[in-house]
Amino acid sequence: MLHMTGTILRNLFSQRATRLYPIEKREPFAEVRGELLFDVEKCTFCVRCQMACPSQCITVDRKAATWACDAFACVYCGICADTCPDGALSHAPAYRPVAREKSQMFYQGVLKEKPKKAAPAAAPAAAPAGESPKPEKAEA
Amino acid sequence: MIDHIEDITAETLIGKVEALKKEGYRLVTMTATDLDAETVDLLYSFDKDLALMHLRLSAKKNAPAKSISGVYFAAFLVENEIREQFGLTFEGLVLDFGGALLLEDSVRPTPLCRYTVVEAKPEAPVAGA
Amino acid sequence: MQAFEIGLNPATFGWLLVGLLVAPVAGGLIAGVDRILTAKCQSRVGPPLLQPFYDAAKLWGKETKVSNVWIAFCSWMYFTAAATSCVMFFLQSDLLIIFFVQAVGAVFLVIGALSVPSPYSQIGGQRELLQIMAYEPLLILVFVGIFLATGSFNISAVYAMDKPLMLESGVVPMVLLFVVLGYALTIKLRKSPFDISGSHHAHQEIVRGVFTEYSGRYLALVEVAHWYEVVLVLGVVALFWATSWYAIVILLVLTYAAEILVDNITARLSWRAMLGKLWASGLALSFVSLAWLYAF
Amino acid sequence: MPRTVVPFGPQHPVLPEPIHLTLHCEDEIIKEAVPAIGYVHRGLEKLAEIRDHNQMVQVVERVCGICSMIHAAAYCAAVEQILGIKPPPRAEYLRVVWSELHRMHSHLLWLGLYADAFGFESLFMHFWRIRERIMDVMEATAGNRVIISVNVVGGVRRDLTPEQQKWVLSEVDWVEKEVARLKDVMMNDYTVKKRTVGVGILSKEQALELGAAGPMLRGSGVAQDMRMTGYHAYGELGFEPVVETDGDSYARSNVRFREVLAAVDLVRQAMAKLPDSELATAYKGRPKGEAVMRVEQPRGELLYYVKSSGGKYLDRVRIRTPTFANIPPLCAVLPGLELADIPVVVLSMDPCISCTER
Amino acid sequence: MLDSFIKKSRIKSPWLLHFDCGSCNGCDIETLACLTPLYDVERFGIINVGNPKHADILLVTGCVNHRNKHVLKTIYDQMPEPKVVVAIGACGLTGGVFRDAYNVVGGVDKVIPVDVYVPGCPGKPEAIIDGVVEALGKLSEKQNAAAAAVAAE
Amino acid sequence: MLDTLLFILIVLPFLAGLGCYVLRAEGVRSLIVVATGGILAAASVMLYFQTPFTYPVEASVQATLFGVSLDEIIMVADFLLLAVILYFGVRHKNAIIVALAILQGALGAYLEFGLIEHAPKAYPTFVIDTLALVMVLIISIVGSLICVFAIPYMKEHEHHLHLPASKQPRFFLVLVAFLGAMNGLVMANDLAYFYFFFEVTTLCSFLLIGHDETEIATKNAVRALWMNSLGGAALMIGIVWIYSELGTLEIAKVISQQHTSAAMLVALGLLCFAGFTKAAQMPFQSWLLGAMVAPTPVSALLHSSTMVKAGVYLVVRFAPAYADTNLGLAVALCGAFTFLGTAALAVGQSNGKKILAYSTISNLGLIVACAGIGTPTAITAAILIIIFHAVSKGLLFLCVGTIEHGIGSRDIEDMRGVYGKMPVTALITMAGVVTMILPPFGMLLGKWMAIESSAGSLFVIVMLALGSAITVLYWARWAGGLMSVEGGEKFKTESQAALTRAPLMILCFGAVVLSFLAPWIYSDMVVPLIKLSPYAVAAGGLQSGAGSFAVIPLFIVGLIGFGVAINALRKARSSHAFDAPYMAGIQSPAVAGAYTGPMNKPVVVTTGNYYLSAVFGEEKLTPYGNFAAIALLVLMFALGGLF
Ligand code: SF4
Ligand code: SF4
Ligand code: SF4
Ligand code: SF4
Ligand code: SF4
Ligand code: SF4
Ligand code: SF4
Ligand code: SF4
């Protein structure tokens with residue numbers, strides 16, 4: 001009946017196992033698939049990521065040069081990043097932070113048919129990069 | 001690409017299954033695949049000493065199939081599932097969930113049928129509250 | 001009971017206040033320490049010391065929703081009875097009566113649980129009754145043992161002695177009785193292996209058993225009443241060596257530590273096993289010790 | 001005598017997953033138990049009709065978040081069979097490593113839940129504390145804690161560097177040491193035995209007749225373990241199935257307990273023999289044909305049937321999970337138990353409803 | 001004074017109810033892991049109560065299917081106010097990888113109001129802790145808003 | 001004055017009964033019963049102001065009834081009575097009854113004509129001390145209330161049975177006469193009188209149990225008759241023996257000293273044995289359980305104020321004679337064993353009346369145990385329990401009867417949620433249960449005294465401790481079940497015949513108020529009897545060296561708590577925040593009290609108590625219990641005789 005006693009007493013008198021998150025955070029492991037990062041600069045809107053994504057959460061519009069992702073439906077599998085021929089996609093080591101509202105990743109790029117240095121200044125300014133609140137919200 | 005498949009018919013099914021049971025085979029599972037508008041492919045899988053053997057049966061959707069749950073009780077679960085997902089009814093099912101094993105009435109009936117949706121739930125005794 | 005001396009005798013009045021006000025605070029703190037120590041035993045940090053008070057206050061402020069209004073009635077009856085019995089203890093009243101008053105609370109807790117036709121609460125209520133049935137005879141017999149040693153059921157008689165109760169009339173029977181009291185204590189503290197009718201933890205087959213249908217402020221009352229009861233039972237423990245404050249503290253700490261240890265090294269028993277074990281070994285132990293006390 | 005009807009689940013604190021049992025009891029003795037499922041049914045076999053065979057790897061991995069990697073490996077192996085390719089040897093060994101890590105974390109998780117089911121909180125806590133080391137290993141080596149997504153059709157996506165291998169071995173050593181410490185508690189503690197010995201007995205004959213799988217079958221004395229068929233690299237590793245004969249909850253928990261240690265051993269063996277090769281075999285075209293693949297999950301034998309006619313999407317993916325096979329035996333042992341035994345016995349089969357219902 | 005203590009206590013004593021609403025178990029074991037030594041959410045006063053009548057926070061995992069959506073609604077309704085809901089994992093947020101399956105409703109917020117979303121597949125224990133903390137923030141905001149509304153009247 | 005009172009208390013019920021029998025009109029019968037009840041109650045209260053008193057010796061000698069000498073009437077009636085019993089024995093072909101009746105007749109004749117020197121009586125026929133007074137008050141007040149309750153009850157009862165001709169006249173004849181016999185029994189100071197009344201109660205109960213004349217009723221009535229005849233025979237032997245030892249039939253003389261001679265102890269043992277049969281102590285419990293087939297007022301009467309109380313009265317009455325002897329110890333053991341054994345048997349029951357029956361026997365066991373212990377505190381306990389038990393138990397029987405009429409079942413499982421249908425009755429029942437088991441009410445006071453006074457006796461105390469725990473179990477679950485109903489918001493109000501409601505209310509009120517008055521009951525009723533004051537009455541509490549019970553302060557605290565609780569209940573009710581019970585998240589939205597179960601069908605939740613039938617089942621426990629009880633009886637005679 002006393003078989004657990006040793007373990008209990010050892011626990012009692014030794015260092016606790018608890019990591020005091022969020023006060024104490026540890027370094028994430030390298031190569032952890034966290035939040036999806038998108039570099040609109042590199043993207044060629046080839047749609048491969050959209051085709052590969054098992055969760056079907058990426059929408060690429062080749063003509064309008066937009067790239068959108070329902071980040072709240074992403075399952076962090078990393079397939080898109082593996083697929084992307086241009087290295088436009090990567091994963092941060094941490095997950096996307098918790099949120100009170102759902103939102104979408106939405107990027108407006110420019111078509112890079114001729115990879116010239118033409119109109120480089122306009123592009124970043126025009127791109128309303130980042131997140132926009134998703135139109136349909138919780139039916140409260 | 002699957003070894004040991006034996007084609008059988010609805011008539012020989014029960015006899016064959018009983019024979020397998022006598023030989024000491026264990027029922028692994030049944031698999032249904034929708035072939036076309038009329039037929040469902042039924043694959044019965046058995047195991048003995050780590051080796052698999054299968055029986056294959058083409059069942060007509062509109063005719064009730066024979067249940068093997070009288071021989072292998074464990075078959076009742078998968079047969080109920082097939083009934084619900086493919087609309088195939090089984091004669092002699094020992095424990096009948098009446099098509100309410102997994103799905104609510106509000107869900108499209110027989111969702112795993114690719115070609116036809118079997119709308120009528122023949123003897124559906126589902127009691128609405 | 002010296003209740004009639006209230007107002008005449010400042011000391012009595014003081015003890016009344018202790019029983020009424022200090023005891024629940026102490027009970028809540030004990031619960032807090034208990035949770036921290038238990039967490040430590042599991043290599044965790046555990047909640048803040050004041051956690052039980054936060055819990056109770058939060059519950060008090062929740063929306064009140066009940067399945068049957070008798071829950072409201074019964075939680076108050078439980079509270080009143082627990083507080084009364086605790087106060088009576090500090091007024092050095094008759095042990096049996098204190099215990100019977102405490103039983104009023106236990107019975108109303110069960111009646112409240114049974115008043116809702118929810119299977120979990122019903123099963124919890126039935127199990128709670130079985131627990132009462134298991135520990136009640138043991139406690140009565142412990143009190144009889146105290147009576148045999150002191151000649152009275154009144155707590156004042158224990159304080160009137162100059163030797164600690166544990167050493168009175170021979171150590172063996174009193175130690176055995178103390179063990180029997182330990183059984184009852186484990187049930188009353190709702191600790192493993194006897195946390196059968198409703199444990200502090202949720203992972204139980206009957207959800208929260210007897211507490212399932214108590215919610216909001218009614219659950220808060222039940223919690224606070226439980227603190228009173230804990231103090232009461234620990235008070236009985238303290239009687240066994242009540243000759244000095246040091247001894248009382250040491251005895252209480254040791255006993256409670258043992259309870260935490262037992263809680264952490266055992267699985268929960270089923271109620272059949274509990275009844276069997278308590279009636280067989282508990283009654284046997286108390287019988288032996290009482291027989292010993294009679295003989296000498 | 002009046003019966004108490006208990007709606008056990010779907011929302012219930014001892015049930016990690018939603019399932020329902022209508023229990024009719026007298027004095028808490030179960031007289032009749034009627035199950036109801038469908039609370040986790042998603043219908044993901046149907047997704048094969050709108051996701052290609054590569055995307056399906058990620059879908060089947062999420063059939064169940066506990067033995068997820070094994071699902072994916074089994075599915076990939078089935079598709080590989082149809083394609084007629086063989087993964088490179090290093091990939092086969094790595095699949096064994098991750099499979100066994102999954103088995104360890106799954107069994108540790110289970111041992112904890114099982115302890116909680118009989119009210120042994122500190123034991124639960126301890127098992128889960130040990131398990132966190134495996135989760136770290138998973139996260140560091142595969143990029144995610146739970147759903148590790150290392151499989152692709154043809155092989156694996158991730159490799160283990162030599163430093164990682166060393167670290168994994170040392171973590172596994174620690175786990176082995178800690179688990180071994182708890183052996184006495186699981187096997188000899190009075191209260192634990194009181195709650196598990198002789199509870200929910202499934203005889204060898206019943207187990208075979210009702211088609212039990214995994215520890216449920218091996219706890220009843222049948223030495224059947226799919227790993228004996230030698231898939232992945234198991235054929236090249238020394239492996240003995242763990243078997244107990246009593247058929248009660250105690251026997252089943254012992255099987256799992258010992259399997260944790262056996263898994264440690266398999267990880268070590270696989271690491272020692274890890275061959276050098278590519279990680280994935282390249283292939284062309286789409287699968288056409290059908291295949292059946294069986295592997296041993298922590299919960300027992302898992303069967304994948306995949307059929308494809310060479311189109312963009314597969315025709316059929318059928319998943320027969322171990323819990324699906326273990327439900328009839330469970331139904332057979334419930335009557336006559338005490339209510340308090342229900343969590344113990346249900347857990348002793350280690351149900352995975354998410355798998356069962358897909 | 002009691003009022004302000006109660007307010008403080010609400011933040012200090014979040015009892016939670018976890019409901020698996022058709023998840024793959026990935027998110028559930030991560031939620032359960034939060035209780036265990038490494039993460040030990042009891043530090044925040046959290047107890048996993050398993051009974052909606054005692055709960056303050058509802059943690060929901062899974063993609064919600066047509067059978068369990070009724071259960072979800074029921075247990076939400078049984079929780080006494082004030083209460084908050086945290087949806088966990090891609091499934092709980094949107095249905096995740098299963099969104100297009102026939103028996104999936106797709107997201108907790110289709111059935112009950114959700115206060116905090118915890119992304120991930122599965123949500124990591126740390127993220128779940130963040131979610132609970134965020135939910136508590138929301139709870140206290142709700143509380144202040146309610147108090148302000150009362151004061152305004 | 002006294003003559004009149006005695007006449008009213010003993011003879012009037014017989015006459016009233018005859019009136020009921022002869023004047024068959026329902027209205028007249030009701031009037032007679034209510035009037036008799038009222039007069040009896042009034043007379044008993046008046047008697048209270050006369051006591052203690054002794055019927056003068058001279059008057060006793062010359063006492064006549066309608067001009068005939070009382071002694072002779074009794075003598076003749078005695079033999080007539082035996083003849084009637086003999087007749088029933090023959091009619092029901094029961095050899096035991098026949099043999100016992102003949103034996104008693106023969107012994108009676110031997111006593112009357114062979115043994116007794118018919119010198120003028122030197123002692124009073126009736127002595128009314130406070131013990132007798134307590135009994136008279138119970139019989140006349142509680143008993144009368146039950147008779148009144150029986151009026152509407154029997155009407156409905158016969159309505160249910162569709163009888164061709166009403167049997168109520170005969171029923172009320174026996175019922176009312178029973179009260180007279182009981183009054184006579186408790187006041188008698190002459191063993192011959194005592195024996196006569198004792199046998200009258202036997203016969204009356206036989207007639208009442210068999211009243212419905214169903215097969216089972218007859219069978220159980222016959223069983224009651226033979227068991228009680230056994231007691232009658234034991235009593236007769238005991239009387240003869242005592243006379244041959246002491247040369248007197250005067251009870252006061254017998255109990256004025258402690259007896260230590262083996263012969264006297266065996267004779268007293270026989271008396272106790274007679275008491276045991278009448279009080280249905282184990283192993284004789286079966287007759288009282290069988291008596292449950294009778295209409296509920298009969299059960300109420302037998303259990304609370306008459307019949308079985310005659311048994312314990314006998315044991316308590318003679319307690320001083322065997323105090324401090326081994327016989328006393330053995331009696332205590334027998335009583336404690338019955339207390340424990342029948343409490344355990346009650347756990348296994350779901351039939352409400354059977355639970356009441358076992359509980360009655362159990363409490364009688366406690367009284368017997370106290371009598372056996374025989375210390376002043378123990379006797380105090382015995383008397384207090386007699387009083388409070390009569391009131392509470394009478395109340396509970398009437399409650400069960402009322403509920404039975406309301407829901408058509410006497411099973412406590414069917415009584416679940418009765419609060420929703422019969423709120424007033426359910427609350428009264430609940431109050432009855434509370435007064436049975438919880439402080440500060442009288443039953444618990446008695447139990448406390450019993451435990452404290454038996455603390456010196458190892459086996460007795462262990463059995464009492466166990467038994468009292470078991471008692472809580474079977475009462476509390478019943479009370480809880482009554483309330484078990486969803487919502488609690490709005491229930492239909494309950495209407496009831498005044499003659500049903502009034503006795504319930506009076507008894508309920510009585511149970512509470514009497515408990516409040518416990519300290520004064522003690523000083524008024526108990527102290528004069530035992531001529532000692534083991535407890536000091538101070539500040540509304542009772543105190544002895546061994547312990548203290550602050551009745552009034554506890555009452556006050558209890559009232560405050562009760563008030564707060566009721567207030568909380570009101571608030572909860574008016575807030576209307578009702579919520580369905582927890583059912584794992586699948587409450588059926590459509591069907592109340594159901595959930596959506598397998599196959600999406602609604603499953604109605606039922607709940608049952610735990611009866612632990614594997615241990616506490618009647619069939620399981622009774623053989624062992626009876627065996628042990630018989631062994632204890634043998635021990636009793638052995639102890640009494642040998643030492
Ligand atoms: S990580 Fe996976 S789920 Fe997420 S966007 Fe990329 S492919 Fe889609
Ligand atoms: S992210 Fe990569 S894969 Fe996706 S569209 Fe852009 S370039 Fe193509
Ligand atoms: S029993 Fe369950 S809820 Fe309680 S501490 Fe243990 S794990 Fe947490
Ligand atoms: S068998 Fe269970 S653990 Fe394994 S993949 Fe399936 S669901 Fe997951
Ligand atoms: S067995 Fe359980 S944990 Fe494993 S895959 Fe199935 S649902 Fe998931
Ligand atoms: S989000 Fe991912 S891990 Fe969580 S339940 Fe869904 S599939 Fe499983
Ligand atoms: S229910 Fe009552 S009145 Fe009716 S027959 Fe039975 S005992 Fe008589
Ligand atoms: S209710 Fe009973 S008594 Fe009345 S008519 Fe019907 S059967 Fe007869």
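Below, read A as the first sequence line, B as the second, and so on, with proteins coming before strands; counting in each chain starts at 1.
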- Query: Roughly how far apart are A:T66 OG1 and A:Y107 OH, rounded to 0.5 Å?
  - Reply: 13.0 Å
- Measure from the side-chain N and O atoms of E:N68 to the backbone N and O of E:V71, and report whether any donor-acceptor pair falls under 3.5 Å. no
- Task: For residues E:I57 and E:L17, determine if any side-chain heavy atom of one lies less than 4.5 Å from a side-chain heavy atom of the other.
- Result: no
- Rounding to 0.5 Å, atoms CG (E:L16) and NE2 (E:H54) come to a distance of 14.0 Å
- Item | Largest heavy-atom contact set with chain A, pairs under 4.5 Å, which of E:G95, E:G120, E:G106 | E:G120
- Query: Quick check, are the ring centers of A:W67 and A:F38 under 6.0 angstrom apart?
  - Reply: yes
- Message: For E:I75 versus E:P52, what's the shortest heavy-atom pair and its separation?
- Response: O-CB, 3.6 Å
- Message: Keeping E:K83 on the side-chain end and E:M79 on the backbone end, is there a donor-acceptor pair under 3.5 Å?
- Response: yes
- Rounded to the nearest 0.5 angstrom, the CD1-SG distance for E:I29 and E:C24 is 7.5 Å
- Item | Best-contacting candidate, E:K124, E:K138, E:R99, against chain A by heavy atom pairs under 4.5 angstrom | E:R99
- Query: How about residues 84-91 of chain A versus chain E: which residues have heavy atoms under 4.5 Å apart?
  - Reply: none
- residues 49-59 of chain A vs chain E, non-hydrogen distance cutoff under 4.5 Å, contacting residues -> A:P54, A:S55, A:Q56, A:C57
- Message: If I measure from the heavy atoms of chain A, does E:D130 come under 4.5 Å with its side chain, its backbone, both, or neither?
- Response: both
- Message: When you compare the side chains of E:H18 and E:N48, does any donor N or O come within less than 3.5 Å of an acceptor on the partner?
- Response: no
- Query: What distance separates E:N25 CG from E:D20 CG, expressed to the nearest 0.5 Å?
  - Reply: 6.0 Å
- Close side-chain approach of E:I129 to E:F44, heavy-atom, < 4.5 Å: yes
